[in-house]
Undergrad: 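Before I ask anything, let me first share the structure, which is written out below as structure tokens.
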Amino acid sequence: MKVLVTRLLPEHTQKRLQDEPLLDLVQWKEDRAIPRETLLSLVKGVDAIYCLLTDKIDEQVLDCAGPQLKVVSTMSVGYDHIDVKALKARNIQVGYTPDCLTEATADLTVLLALSVARRMKEGIRAAENGEWSVWRPTWLCGTQFSGKTLGVVGLGRIGEAVAKRLKAFGITRILYYGRSRKPQAEAELGAEFASFDDLLEKSDYITVCCALTVETQDLFDYQAFSKMKPSVVFVNTARGGIVKQDDLVRALEDGKIRAVGLDVTVPEPLPVDHKLYQFPNCIILPHIASATSETREQMATMALDNIVAVANGQPIPFGL
Ligand SMILES: O=CC(=O)O
């Protein structure tokens, strides 16, 4: 089976990929995104595409590939870069990597929440820049979790893992908003389903853990930020497109929110001269929520398992 792999994979999976007897491999072997023109040219005649979240898989790619294409497997849990409807219409299977990155992503979400709540960026800068004069009772005071309310937008696997962790830090009330009620999470975590506005108004911490869809695109606009408590800590480790970024800048300028932690932006990478970097109460990370060696290797393996299953004429283990 002819397969296009759009990137060099983590070590063990790369070796396994090269050793797979059933695969006739075409690979962009660099540690940067495959240029669009190269993708459109290399995809011709392949049966399978192994892609990353940096590769847009749309009608044009499918047309270039040809009618023999059977499966697109992405090394990510998010699949907003794939036109799933177009693939399904052509009977092309879609594989992704759920579950394995839940813990790493939840860890980083908590790390961001803690970091911005405790003014980590300002603290590090102050220490490094010689602004640390003497211990002062009110200097660099942040806020803590004890007795506070957490609002989770998208209480899926990752949202739940975030809520569990923050409960251990002292969060006493968990609100959530999403497409559907989660009775199991309600029972296990004591989470309460809320309207979007209620969640915005009542939460001390808000974490965005939902997928980017037509419903969630630009969900957080200036109006949404204006409804939040001015003391709120806002963290997004899902997708940049869920937040209207210019509105977030305005909300920060107008003091509508206390602090922000982002692992995702639009575009990625966010240009170094972007206004968001200038706020002392805004920490930006370069989309690394799942970046532990263990998790990335596991993601790479699962995405390959999907391709190998199709090569063996079996159903894909991690499909949509
Ligand atoms: O953002 C990361 C992923 O979707 O896996």
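In each ligand, atom 1 is the first atom listed, and ligand 1 is the first ligand listed.
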Undergrad: Side chains of Arg7 and Thr54: any donor to acceptor distance under 3.5 Å?
TA: yes
Undergrad: Kindly tell me which protein residues have any non-hydrogen atom under 4.0 angstrom away from an atom of ligand 1, grouped by chain and ordered by number?
TA: Leu53, Ser76, Val77, Gly78, Leu101, Arg239, His287, Met299
Undergrad: Sort and list the pairs that fulfil salt bridge (Lys or Arg N to Asp or Glu O under 4.0 Å) and have at least one residue in residues 299-312, not counting sequence neighbours.
TA: Arg16-Asp305
Undergrad: Indicate whether the side chain of Thr237 and that of Thr109 have a donor and an acceptor atom separated by less than 3.5 Å.
TA: yes
Undergrad: Search all heavy atoms of Val153 against all heavy atoms of Phe196 and return the closest pair with its distance.
TA: CG2-CE1, 4.4 Å
Undergrad: Salt bridge check, Lys2 against Asp24: does any charged N sit closer than 4.0 Å to a carboxylate O?
TA: no
Undergrad: Mind checking whether Phe220 and Phe225 have parallel, tilted or perpendicular rings, split at 30° and 60°?
TA: tilted
